[in-house]
Amino acid sequence: MYALVDGNNFYVSCERVFRPSLEGIPVVVLSNNDGCAIARSNEAKALGIAMGAPWFQIKHLAEQSGLVALSANFELYGDMSDRMMSLAAGLGHAQEIYSIDESFVELSGIRGDLVERAHKVRSRILQWVGIPCCVGIGSTKTLAKLANHIGKTAERKPGSYPSHLAQVCNLAAMSPEERDSIFAATAVQEVWGVGRQISKQLQAGGIQTVKDLIRLDPATIRSHWSVVLERTVRELQGTPCIDLEHNPAPKKEIATTRSFGRPVLELHQLAEAVTDFASRAAEKLRKQSGMANQVLVYIRTSPFRPDPQYSRSITTPLRRPSADTACIAKAALDGLQRIFQPGFKYAKAGVMLLDLQHEGQQQCELDLEGDSQKDRSTLMTALDGLNQRYGKGTLHMASAGVEGSKRVWSMKQERRTPRYTTSWEDLPVAKA
DNA sequence: TCTGGGGTCCTAGGACCC
DNA sequence: TCTGGGGTCCTAGGACCC
């Protein structure tokens with residue numbers, strides 16, 4: 001038995017904790033570059049703002065309907081997330097943190113009324129952290145996710161589902177008849193693992209609701225679609241196929257990619273950006289004690305512009321596995337040289353570290369540069385320490401350019417709120 | 001003027017091998 | 001007329017997730 005604890009409109013809820021005046025009004029949180037809406041309050045959803053809606057298309061709602069837009073403040077959200085997760089863990093014996101606002105909790109061996117217990121945890125999170133959340137309970141992770149969706153929808157849209165399911169919904173405690181009628185009222189695209197493409201295909205075959213989907217034979221699903229969808233259907237039928245991940249697996253790839261604040265035309269500007277991305281990626285890699293064997297770099301124009309399009313990536317193998325910023329940046333820059341074409345307005349670039357391994361797995365080879373490698377690794381540790389202590393970018397590669405107006409590629413972020421919980425300067429001040 | 005970032009898994013197809 | 005079969009590895013791309 002699993003529970004899924006999921007913060008409501010998480011980023012917006014984080015902002016509201018520190019600005020209660022945002023309560024009750026339409027609020028969106030914008031992606032980098034203030035590009036599009038990545039979180040919406042219920043009031044914003046009611047205005048018809050879609051997930052991912054570009055800001056310039058909904059801007060007029062600020063005047064028309066009092067919509068408030070904020071730049072994303074991921075430092076704040078990450079910290080609020082930690083607080084929420086530690087309370088959610090109390091629901092059961094094991095927890096898997098699935099995303100910044102969601103965690104699965106294993107409920108087996110928990111006695112007593114699960115719904116009552118979930119309500120208690122929910123109010124504790126609301127009271128101690130300030131984040132409203134919903135809890136879904138089911139015999140598989142996919143059913144717990146679905147239950148969570150039902151709990152949220154029942155709360156947000158009265159009349160959509162029976163009102164006693166709002167906030168906490170336990171699918172496992174329902175009669176078959178009640179479950180059936182709820183599945184019949186739920187569209188296939190609400191299921192975890194069924195996205196736009198697959199739901200379109202299912203609907204074309206007359207499969208509209210969860211009730212329709214659950215009746216299908218897994219073998220048919222597999223031959224018509226894939227093993228992935230087959231697993232999803234089995235999970236909906238109550239057969240667990242996806243286990244709780246107990247210890248977070250190390251990442252298999254690490255990426256740093258950004259859209260630019262404005263179009264970039266020159267190679268040397270791309271090189272600055274790519275150096276910066278490579279440094280950030282290498283830093284993440286060292287944080288998980290990993291080494292990379294390959295470095296991928298890509299550049300592309302904006303698919304939304306009518307301009308000539310260009311998009312290319314290239315993978316450069318490293319001579320030996322490495323987590324060294326200079327070594328990774330060099331590989332990325334070598335790749336960039338080879339794929340760059342002049343005459344395009346570049347909108348985005350990225351660096352990905354692939355084929356990762358743990359630093360302990362390094363092959364023992366006869367190596368005349370052994371000592372200098374040790375020195376490099378000490379230097380990297382010092383670099384990370386200084387950047388951690390004095391702020392990101394205190395020390396960086398010379399080719400990454402300097403902060404400020406010279407970096408034409410840096411992103412726009414004009415609506416960020418203070419880092420209330422992670423920066424002393426931004427600590428809220430209580431006034432008497 | 002203006003459209004995010006970071007992941008995972010699976011599949012198809014090509015190259016290569018015996 | 002007619003051109004094997006099976007395996008592995010790699011890459012690109014699709015689909016999904018939040």
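Chain letters run A, B, ... following the sequence lines, proteins first, then strands; residues in each count from 1.
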Within the 4.0 Å heavy-atom criterion, would you say [X] contacts the bases, only the backbone, or no part of the nucleic acid?
X        : answer
A:Arg312 : nothing
A:Thr256 : sugar-phosphate
A:Glu102 : sugar-phosphate
A:Lys200 : nothing
A:Val29  : nothing

Salt-bridge criterion met for [X] and [Y] (N-O under 4.0 Å):
X        : Y        : answer
A:Arg16  : A:Glu43  : yes
A:Arg338 : A:Asp334 : no
A:Glu230 : A:Arg234 : yes

Closest to the [X] side chain: [options]?
X        : options               : answer
A:Arg305 : B:dC2, C:dC18, B:dG7  : B:dC2
A:Ser259 : C:dC18, B:dG5, B:dG7  : B:dG5
A:Glu253 : B:dT3, B:dT8, B:dG6   : B:dT8
A:Val227 : C:dC18, B:dT11, B:dG4 : B:dT11
A:Gln197 : B:dG4, C:dA15, B:dG5  : C:dA15

Min side-chain heavy-atom separation [X]-[Y] under 4.5 Å:
X        : Y        : value
A:Ile49  : A:Leu67  : yes
A:His224 : A:Gln201 : no
A:Gln288 : A:Ile254 : yes

Residue closer to the 5' end of DNA chain B, A:Phe56 versus A:Trp225 (nearest nucleotide) =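 Upstream on the strand: A:Phe56.
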Position toward the 5' end of DNA chain B (nearest nucleotide), A:Tyr11 or A:Met352 =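 The 5'-side residue here is A:Tyr11.
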Let me know the distance between [atom1] of [X] and [atom2] of [N], rounded to the nearest Å.
X        : N      : atom1 : atom2 : answer
A:Asn32  : B:dG6  : CG    : P     : 8 Å
A:Phe74  : B:dG4  : CZ    : P     : 12 Å
A:Ile198 : C:dG14 : CD1   : P     : 14 Å
A:Leu30  : B:dC2  : CG    : C1'   : 12 Å
A:Phe10  : C:dC18 : CZ    : P     : 15 Å
A:Asp355 : C:dA12 : CG    : C1'   : 16 Å
A:Leu70  : B:dG4  : CG    : C1'   : 16 Å
A:Glu245 : B:dC9  : CD    : C1'   : 12 Å

Verify the contact: side-chain N or O of [X] to OP1 or OP2 of [N], cut-off strictly under 4.0 Å; return yes or no.
X        : N      : value
A:Lys59  : B:dT1  : no
A:Arg231 : B:dC10 : yes
A:Ser226 : B:dC10 : no
A:Arg258 : B:dG6  : yes
A:Lys348 : B:dT3  : no
A:Ser31  : B:dT3  : no
A:Lys252 : B:dC9  : yes

query = Can the ring centres of A:Phe104 and A:Trp192 be said to be less than 6.0 Å apart?
reply =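 Yes; A:Trp192 has its ring centre under 6.0 Å from that of A:Phe104.
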inquiry  = Using atom P in both nucleotides, what's the gap between B:dT3 and C:dC18 to the nearest angstrom?
reply    =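 Their P atoms lie roughly 25 Å apart.
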ask   = Using purine N1 to pyrimidine N3 plus N6-O4 or O6-N4 for Watson-Crick, or N1-O2 and O6-N3 for G-U wobble, both under 3.5 Å, which nucleotide pairs with B:dC18?
value =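 By the stated definition (distances under 3.5 Å), C:dG5 pairs with B:dC18.
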